[in-house]
Q: 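One structure coming up, written as C-alpha cells, with questions to follow.
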Amino acid sequence: SIHHHLNRNGIAVVEADRVANWMNEVGGLWPDPSDLAKDIDTGYIAQIDIEDLSFREPNSTDMYRGRAHGTVSVYEVQADGDSKRALQVFSKEFRIEYPRHQPMSAS
C-alpha cells in the first residue's frame with residue numbers, strides 16, 4: 001500500500017482511519033484540501049483521484065487486465081495566521097495497465 005511504502009521510506013503518515021473518520025464527519029468529500037489541513041496536523045496532503053478503473057480485458061469474458069486512470073495531487077500545508085491552508089505543489093496524471101504485455105486468463 002502507499003501508506004506502507006511511505007512509512008518504509010521514513011515518511012510519517014497520518015493513520016488512514018483518522019482521515020476516513022474526518023471524511024465521514026464532513027459528508028464524504030471536501031471541495032478544498034485546506035479543510036483537511038485545518039483539522040488534521042500534517043505537513044503535506046496527497047490526494048489520489050481515480051477517474052476510471054477496470055479489471056477485465058475489453059471484449060473478453062475470461063481475460064483479466066487491470067487498468068486505472070487518474071490524478072495524483074500533493075499539497076503543502078502552510079500556516080495562514082491562526083489557520084492553515086493547503087497549496088498544491090505537485091500534480092500528475094497517471095495511466096496504469098497490469099499486466100502490460102498481455103492479459104491473464106481467468107483460469
Q: Does V14 belong to the same Ile/Leu/Val/Met/Phe/Trp/Tyr cluster as V74, with side-chain heavy atoms less than 4.5 Å apart forming each link?
A: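 Hydrophobic grouping puts V14 apart from V74.
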Q: Can you give me the closest heavy-atom contact between P33 and I45, atom names plus distance?
A: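 Reported closest heavy-atom pair: O-CD1, 3.5 Å.
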Q: Quick one: OG1 on T61 to CZ on R56, what's the gap to the nearest 0.5 Å?
A: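 One finds 7.0 Å between OG1 of T61 and CZ of R56.
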Q: Return the minimal non-hydrogen interatomic distance between P99 and M104, and the atom names on each side.
A: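 Answer, listing the atom of P99 first, then M104: CG-CG, 3.7 Å.
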Q: With a cut-off of 6.0 Å (strictly less than), are more than 12 heavy atoms of other residues, nucleotides or ligands near CD1 of I96?
A: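 Enclosed.
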Q: Which pairs would a plain distance check flag for residues 84-93, meaning a side-chain donor or acceptor within less than 3.5 Å of a matching protein atom at least two apart in sequence or in another chain?
A:
residue	atom	partner	partner atom	Å
K84	NZ	D41	OD1	3.1
Q88	NE2	S73	OG	3.4
E93	OE2	H69	NE2	2.6

Q: Go through the structure and list residues passing side-chain hydrogen bond (donor to acceptor under 3.5 Å, both in side chains) with S105, not counting sequence neighbours.
A: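 side-chain hydrogen bond (donor to acceptor under 3.5 Å, both in side chains) list for S105, sorted by chain: S107.
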Q: More than 12 heavy atoms of other residues, nucleotides or ligands under 6.0 Å from CZ of F94: is that the case?
A: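 Result for CZ/F94: enclosed.
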Q: Would you give the length of the straight line joining atom CG of N21 to atom CD1 of I40, rounded to the nearest 0.5 angstrom?
A: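 Separation between the atoms: 9.0 Å.
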Q: Which atom pair, heavy atoms only, marks the closest approach of W22 to D39?
A: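 The pair with the smallest heavy-atom distance is NE1-OD2, 2.8 Å.
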Q: Any link between V26 and Y75 through a network of hydrophobic side chains (Ile, Leu, Val, Met, Phe, Trp, Tyr) touching at under 4.5 Å?
A: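 Result: yes, single cluster for both.
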Q: Is the backbone N or O of S34 less than 3.5 Å from a side-chain atom of D32, with the two atoms forming a donor-acceptor pair by type?
A: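 At least one qualifying donor-acceptor pair exists.
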Q: Counting distance only, does the side-chain N/O of R65 pair as donor-acceptor with the main-chain N or O of E97 below 3.5 Å?
A: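 No; judged by distance alone, with no hydrogens or angles, the pair does not exist.
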Q: Is S60 reaching over with its side chain to a backbone N or O of M63, donor-acceptor style, under 3.5 angstrom?
A: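 Yes; judged by distance alone, with no hydrogens or angles, the pair exists.
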Q: What donor-acceptor contacts under 3.5 angstrom involve side-chain atoms of residues 46-55, with partners at least two apart or in another chain?
A:
residue	atom	partner	partner atom	Å
Q47	NE2	D49	OD1	3.4
Q47	NE2	D49	OD2	3.3
E51	OE2	T71	OG1	3.4

Q: More than 12 non-hydrogen atoms from neighbouring residues, nucleotides or ligands closer than 6.0 Å to CZ on R8, yes or no?
A: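 Correct, the count exceeds 12.
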Q: Spell out, yes or no, whether V13 and V19 are grouped together once hydrophobic residues are joined by side-chain heavy atoms under 4.5 Å, including indirect joins.
A: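 No; tracing contacts between hydrophobic side chains, which count when under 4.5 Å, never links both residues.
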Q: Contact between P58 and R67 at the side-chain level, heavy atoms closer than 4.5 Å - yes or no?
A: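 They are in contact (side-chain heavy atoms under 4.5 Å apart), so the answer is yes.
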